[in-house]
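The structure appears right after this line, and notes come after that.
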Protein chains: 2
Amino acid sequence: MESAIRVLRDHGLRKTSIRIKVIDLLSSANHAVSQPDLEQQLESEADRVTIYRTLKSLEEKGVVHKILDMAGLSKYALCKDECTDHQHKDEHLHFHCQVCGNIFCLNIPGLPDYNLPAGYSIKQMHLSAEGVCVSCSKG
Amino acid sequence: MESAIRVLRDHGLRKTSIRIKVIDLLSSANHAVSQPDLEQQLESEADRVTIYRTLKSLEEKGVVHKILDMAGLSKYALCKDECTDHQHKDEHLHFHCQVCGNIFCLNIPGLPDYNLPAGYSIKQMHLSAEGVCVSCSKG
DNA sequence: ATTACAAATGCAACTCAGTTGCAGGTGCAA
DNA sequence: TTGCACCTGCAACTGAGTTGCATTTGTAAT
Ligand SMILES: [Zn+2]
Ligand SMILES: [Zn+2]
Ligand SMILES: [Zn+2]
Ligand SMILES: [Zn+2]
């Protein structure tokens, strides 16, 4: 994939073979992916610590965003909108499948405003859902 | 607090000194509490493993509900509505303070319906928010 | 092409939340 | 009071994520 190289250049990241492999794996998955997932798929092509640091760099530069699954495990998905350095603008819903455990990024119309008790100031809202995904419904 | 004993009886849990202490600590906090928090507050009054198992029992019987903080750490808060065995019905917003790190359970009017891509069936929705809490706004 | 430096990688060792197995202790109902 | 299921404490373990340091590699300037 040429696009991985373009993504790295556009976000001011050096082009390394591991970063390209990670971005390719993330873009070929239709769901969020964890470090252990990547470590297994990359077998002996990359050190486990390097994968952690790669994901951190990609997140900081706005290439991927982190989602916690129901067990607290960090999973990562490519940002669709053009996010930049520490300015993630991914306003979408994260769907957690109770069967396969996968997390899917789904588009939503837009979040409603909520009136909170005085004194609480909201910087960001997060909407998520639990249920059964398309693949698991068919099975 | 007598209420802790009543809570245990009402949810079919045996009355033990550690469970009473944990429930009292949770009810005196105005935010969600983690196992490490409890372990520190209980000092040498309870083994760390017992605290984990206590929280698990309380969650299973609908006394408390678990919330993950932004780092993936499990925190627990008392259920306000009357939840029962494995039937949590806490529909409220979890507010994560970016300053103190505390999580607050806040009431909300009710979640809107969302139209998702065909095939995804929703069992439960979760709404959360990040921002600055009351105490941290004043400071 | 060569050089030079910052940034990326690999390895080892570590931290810390959460789990499991088992022996001994406790709540509770009969 | 007795019995048994359930709870507790201890020890050992798992697995995600981090840190420090020496080595390698990407890139921009010469
Ligand atoms: Zn699924
Ligand atoms: Zn997403
Ligand atoms: Zn705060
Ligand atoms: Zn809550």
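In this text the structure is predicted, and so the values were computed from the model without any measurement. Below, read A as the first sequence line, B as the second, and so on, with proteins coming before strands; counting in each chain starts at 1.
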Below 4.5 Å, heavy atoms only, C-beta onward: do A:Leu78 and A:Val7 meet side chain to side chain?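 Not touching, per the 4.5 Å side-chain cut-off.
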Measure from the side chain of [X], starting at C-beta and using heavy atoms only, and say which of [options] lies closest.
X	options	result
B:Arg19	D:dT19, C:dT9, D:dC7	D:dC7
B:Val49	D:dA16, C:dC11, D:dC10	D:dC10
B:Lys15	D:dC10, D:dG17, C:dC28	C:dC28
A:Tyr52	C:dG10, D:dA16, C:dA17	D:dA16

Within the modelled atom types, does a donor on one side and an acceptor on the other bring the side chain of [X] and the base of [N] under 3.5 Å apart?
X	N	result
B:Arg14	C:dG25	no
B:Arg53	C:dG21	yes
B:Arg48	C:dG18	yes

If you assign B:Leu73 and A:Ser44 each to the DNA chain C nucleotide with the nearest heavy atom, which residue ends up on the more 5' nucleotide? A:Ser44
Considering every strand and a 4.0 Å limit on heavy-atom distances, what is the contact class for [X]: base, sugar-phosphate, or nothing?
X	result
B:Ser57	nothing
A:Thr16	sugar-phosphate
A:Ser34	nothing

Check whether A:Ile67 and A:Val99 end up in the same hydrophobic cluster, where Ile, Leu, Val, Met, Phe, Trp and Tyr are linked by side-chain heavy atoms less than 4.5 Å apart. no
Would B:Leu8 and B:Leu25 show up in the same hydrophobic cluster when neighbours are defined by side-chain heavy atoms closer than 4.5 Å?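 Linked within one cluster.
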Rounded to the nearest angstrom, tell me the gap between atom [atom1] in [X] and atom [atom2] in [N].
X	N	atom1	atom2	result
B:Leu38	C:dG18	CG	C1'	14 Å
A:Leu55	D:dT18	CG	C1'	14 Å
A:Leu13	D:dT27	CG	P	10 Å
A:Asp47	D:dT23	CG	C1'	13 Å
B:Ile18	C:dG25	CD1	C1'	12 Å
A:Leu8	D:dT27	CG	C1'	14 Å
B:Gln35	C:dA17	CD	P	7 Å
B:Ile5	C:dC28	CD1	C1'	15 Å

Which heavy atom of B:Arg19 sits nearest to which heavy atom of B:Arg14, and what is that distance? NH1-O, 3.1 Å
Exercise: identify the closest heavy-atom pair between A:Cys97 and A:Phe104: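 Between these two residues, the closest heavy atoms are CB-CE1, 4.3 Å.
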Looking at A:Ser74, I'd like to know whether one of its side-chain N or O atoms comes within less than 4.0 Å of OP1 or OP2 on D:dA16.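 Checking A:Ser74 against D:dA16: no side-chain N or O falls below 4.0 Å of OP1 or OP2.
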Quick check on C:dA8: is either OP1 or OP2 less than 4.0 Å from any side-chain nitrogen or oxygen of A:Thr50?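 Answer is no, no contact under 4.0 Å.
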Which comes earlier along DNA chain D counting from the 5' end, the contact point of A:Glu39 or that of B:Ser17, where each point is its nearest nucleotide? B:Ser17
Rounded to the nearest 0.5 Å, how far apart are CD of B:Gln41 and CD1 of B:Ile51? 9.5 Å
